[in-house]
Amino acid sequence: MDYKSTLNLPVTSFPMKANLTQNEPERLKKWKKLDIYNKMREERKGKRLFHLHDGPPYANGNIHIGHSVNKILKDIVVKYFFKEGYDTPYIPGWDCHGLPIELQAEKSIGKNKKEVTKLEIRKFCREYAKKYVKIQSDEFERLGVIGDWDNPYITMAYDYQANIVREFANFVKEGAVYRSKKPVYWCISCNTALAEAEVEYDDHTSPSVYVKFPVKSDISNFSNSLKGKEVSIIIWTTTPWTLPANRAIAVHPDYDYVFIETSTKEVFIIAKDLLEKFTEILPEKIKIITETKGENLKGLLCQHPFEDVDSIVLTADFVTLDTGTGCVHIAPGHGQEDYELGLKHNIEVYAPVDQEGKFHKSVKYFGGMKVFSANEEIIKKLKELGKLIASQSITHSYPHCWRCKEPVIFRAEEQWFVSMDKTSLRKIALSEIDKVKWIPSWGRDRIYNMIEGRPDWCISRQRSWGVPIIAFHCKSCDEYILDTKLIEKVADLFEKEGADIWFEKTADFFLGDYKCPKCGGKDFEKEEDILDVWFDSGVSFSYLKSKYGYEHPVDMYLEGSDQHRGWFHSSLLASCLAYKRAPYKSVLTHGFVVDAEGRKMSKSLGNVISPQDIISKYGAEILRIWVASEDYREDIRISQEILERLVDSYRRVRNTFKYMLGVLADFDSNKNYISYDELSYLDKAVLNRLYRLDKKVRKAYQNYEFHTVFHSIHNFCVKDLSSIYLDILKDRMYVLSPDDKKRRASQTVVFEITKTLALLLSPILSFTCDEVWEHFNLNNKKDSILLECFCELPKFFENDDIEKTFNSLLLVREDVQKALEDARRRKIIGHSLDAKVILYISDEIRDVISQYFEELREIFILSQIEIKFDGKGYYKGELSGISIDIFNADGKKCERCWVFDTTVGEDSSHPTICKRCRDVVSG
RNA sequence: GGGCCUAUAGCUCAGAUGGUUAGAGCGUACGACUGAUAAUCGUAAGGUCGGUAGUUCGAUCCUACCUAGGCCCA
């Protein structure tokens with residue numbers, strides 16, 4: 001007789017092989033057909049809201065691995081909150097304006113930039129951004145991210161542009177916007193401002209000059225021998241043309257500075273550590289008079305070498321000792337550090353250079369000259385005036401324009417700023433920071449320090465692809481008009497026509513018969529600068545509020561840790577300025593993706609791994625597991641090995657599901673569910689474990705510790721299920737008659753486990769859990785697992801006594817397994833069912849064992865077991881009070897259940913099976 | 001150079017107000033099974049907890065410095 005056919009072996013159509021790369025697109029189609037996002041919203045209509053505000057990625061290029069981390073984390077958070085019963089709208093967004101796209105436009109249009117109108121560029125940019133919004137949208141959806149992909153927010157949408165302008169009006173209303181000079185990179189041959197990204201470094205030969213700045217202040221207190229002598233601070237520079245704009249000299253407060261006397265009785269002040277180098281260029285012998293710390297030089301006034309102004313000595317930490325004299329020439333109009341130092345000390349930002357690089361007429365000696373050719377003239381003049389110590393030539397790395405390859409200059413231009421302090425913006429922002437929950441908590445310190453130390457926000461850019469700053473310039477009195485009513489009027493226009501209209505029409509179109517409030521003039525020109533793109537995305541909260549009904553503040557922003565300087569920062573400022581509060585209640589940050597060695601990904605290192613490759617090789621599910629298994633708060637590593645390990649983990653989880661679904665093939669929870677009281681100790685022990693797992697996992701989700709979620713569940717699958725419970729269960733599952741209560745009891749437990757695990761994992765393994773759900777026999781099932789809630793397990797599943805005894809029992813089991821392995825080595829047995837075990841135990845373990853006594857043979861997966869309280873076995877367990885003897889099992893092996901039993905052969909009509917099987921088979 | 005952060009087995013993660021042999025899973029090796037089978041089970045080997053110095057009776061956990069790396073500035 002074929003006894004195998006009389007067994008209840010697991011049956012399921014759930015395939016072992018996932019075939020993710022092919023099946024994922026099918027499942028995405030299913031979700032799309034279900035209109036899953038809107039279904040989810042309907043499902044939770046009227047429930048508590050959880051607003052995760054998507055930070056807009058830049059609509060340029062395909063998505064990379066960092067995007068995947070970000071969007072998958074958001075998706076997990078959103079799906080988790082949904083599972084906890086929240087209504088979870090998720091509106092994806094894109095950032096569309098800005099330099100990178102504009103540069104693409106210039107590159108593609110190809111013509112000389114001067115011949116292309118702003119409107120042409122803007123048209124190209126719009127098309128370009130639109131194209132990548134679509135591409136990225138598809139790529140994000142492919143990751144299994146559920147959101148309102150049909151209604152995203154796009155910063156170049158007309159109504160979004162209008163929103164930007166309205167928020168700008170709010171800034172103006174608050175009185176925070178002002179105009180001031182600030183140095184920017186400037187190409188004097190292209191006649192344009194350059195962004196940092198447009199500057200490339202290349203070798204350039206510059207003059208290198210040492211210049212005297214005679215000290216005017218009384219410094220006799222440093223040394224008596226200084227009396228009556230001409231004392232000069234010596235500066236070194238490679239840009240003599242910036243000397244007319246010199247307004248200060250910087251020294252390092254902690255460095256030592258020496259006063260040296262030359263043979264001509266002149267005294268020079270320079271940094272002590274650079275003295276040796278300096279004396280090499282001096283022909284004459286020198287002697288040191290005295291020395292002092294830079295700190296003590298602070299405040300000294302010097303005479304400008306040829307202008308009729310003073311130059312004040314300041315201290316600055318950026319002064320170094322690698323070249324020069326340790327005394328740095330400061331021209332706030334022509335250098336970044338110079339500018340910032342000047343701001344701190346209220347020094348004029350003077351940049352007497354026009355757009356073509358010519359000195360203003362007003363500049364003494366050099367008016368009208370081009371700056372680079374003026375270098376030579378300036379050196380000549382210095383020499384003539386006796387202010388030059390030495391002049392050499394130096395080849396160094398210098399910024400060049402990437403378009404025309406000419407050297408660029410740093411030049412102060414009028415810019416628009418948002419003040420950090422005039423309206424207490426800094427103060428409000430800092431106090432709001434402490435009301436926000438920063439995850440991880442150090443995010444608070446990071447952004448706090450940034451806000452605390454940052455200069456005013458420069459919001460203007462001399463560019464085409466963006467939203468214009470709505471201001472007008474009165475030609476007759478040079479006044480700049482910022483009028484909130486006018487700005488709001490323009491916003492209304494933008495809402496209908498888009499911001500292009502600003503560039504299509506002249507000022508009078510917007511102004512009508514507006515008169516300059518200062519001089520009554522009627523001749524205006526439009527401001528041509530556009531807003532910093534951080535302004536665009538920074539005001540997204542207000543757009544989401546008005547268009548999608550988002551709360552303000554929203555529940556969460558979730559981005560990479562670079563956004564403390566970026567979006568978190570600009571959003572905080574925008575919200576605090578206009579609404580006096582932070583735009584978010586919590587901010588979660590993740591780290592950056594790095595390779596196996598912890599190095600960042602870069603083309604030059606050749607260690608880039610793309611999400612597209614992972615998806616086509618393994619499937620998006622593996623990418624999702626990867627995101628969930630790593631601790632994203634730090635750098636997130638990825639490598640081929642990591643991916644392969646994850647594929648292994650995935651298989652294990654999948655197989656566990658497959659097996660459980662197979663076990664449940666003939667289980668109907670309506671008819672066959674066994675009540676808790678009727679379960680065996682083993683069954684209860686596993687439900688207790690399940691309950692604890694559920695609690696732990698839910699807690700981990702709550703703390704956004706997804707790696708704990710995944711690791712815990714994986715561990716549960718491997719240990720509690722595969723190697724313990726499911727292995728033990730085989731005997732009763734296969735052998736007993738289908739309706740045997742003991743069998744149904746265990747199926748009940750497997751049913752609870754399958755349901756719980758599928759739901760718990762579904763925010764992460766959405767594809768696979770949905771597939772499990774389809775194969776799972778449950779009443780009132782929703783169309784997709786994504787529409788379900790977490791299930792609440794009954795409290796009585798948790799049982800501390802059982803937890804304790806079961807843990808002890810497992811320790812005994814380990815000892816038995818070690819003994820069996822020892823017997824296996826000695827060729828006494830192969831399978832554990834070949835064995836009969838005599839277990840010698842002490843009294844302390846007696847109580848533990850007694851609870852499980854009925855099931856002990858099965859729990860240890862043996863044919864026979866005997867417990868003895870006296871004597872000692874051959875094998876000594878690690879647990880104290882345990883020893884074990886292993887023998888060949890008594891009787892013969894039952895052909896049906898494979899357990900050795902003395903009853904095999906008793907019945908001549910079934911001579912090869914045991915009594916237990918005989919009873920089942922003959923009904 | 002500054003702000004913030006990280007460094008525990010080949011991989012991913014645990015861990016302890018500082019206190020006896022630092023844990024798990026994966027992977028690896030060896031073995032078992034062939035009724036979870038491109039599966040499953042068992043056993044075992046892997047770590048001077050990045051380095052140095054200090055505080056302490058005692059440090060992987062605290063402090064300082066160093067090294068390597070990440071993000072943001074300069």
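Quick note on labels: first sequence line is chain A, next is B, and so on, each numbered from 1.
- The aromatic ring of A:W898 sits over the base of B:G35, with ring centres less than 5.5 Å apart and planes tilted by under 30°.
- Judged by distance alone, with hydrogens and angles left aside, A:R565 brings no side-chain donor or acceptor close enough to the base of B:C71 to form a pair under 3.5 Å.
- Against the 90° criterion about 0, the sugar-base torsion of B:G46 places it in the syn range.
- Counting any heavy atom pair closer than 4.0 Å across all strands shown, A:S561 reaches sugar-phosphate atoms only and no base atom.
- Remark: A:Y584 pairs with A:W438, A:Y557 by the ring pair (Phe, Tyr, Trp, His ring centres under 6.0 Å) rule, at least two apart or across chains.
- Among the heavy atoms of the strands, none lies under 4.0 Å from A:G591.
- Looking at heavy-atom distances under 4.0 Å, A:E895 makes contact with a base.
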At a cut-off of 3.5 Å, list every protein nitrogen or oxygen paired with a nitrogen or oxygen from nucleotides 7-13 of chain B, distance to 0.1 Å.
unit_1, atom_1, unit_2, atom_2, d
B:G10, O2', A:E641, OE1, 3.4
B:C11, O4', A:E641, OE2, 3.1
B:U12, O2', A:S629, O, 3.1
B:U12, O2', A:H711, NE2, 3.0
B:C13, OP1, A:E630, OE1, 3.1
B:C13, OP1, A:D631, N, 2.5
B:C13, O3', A:H707, NE2, 3.2

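- Closest to the side chain of A:K600, out of B:U43, B:C71, B:C4, is B:C71.
- Among the heavy atoms of the strands, none lies under 4.0 Å from A:E597.
- Across all strands shown, A:M16 has heavy atoms under 4.0 Å from sugar-phosphate atoms exclusively, and none from any base.
- Contact annotation for A:K658: backbone-only contact, meaning every heavy-atom pair under 4.0 Å involves sugar-phosphate atoms and none involves a base.
- Going from atom CG of A:L820 over to atom P of B:C30 covers 22 Å, rounded to whole Å.
- Note on A:R444: nothing from the nucleic acid sits closer than 4.0 angstrom, heavy atoms only.
- Within the nucleic acid shown, A:K719 comes within 4.0 Å of sugar-phosphate atoms alone, with no base atom in reach, counting heavy atoms only.
- Within 4.0 Å of A:G830, counting heavy atoms only, lie sugar-phosphate atoms of the nucleic acid but no base atom.
- If you check every strand for non-hydrogen atoms under 4.0 Å, A:N655 touches a base.
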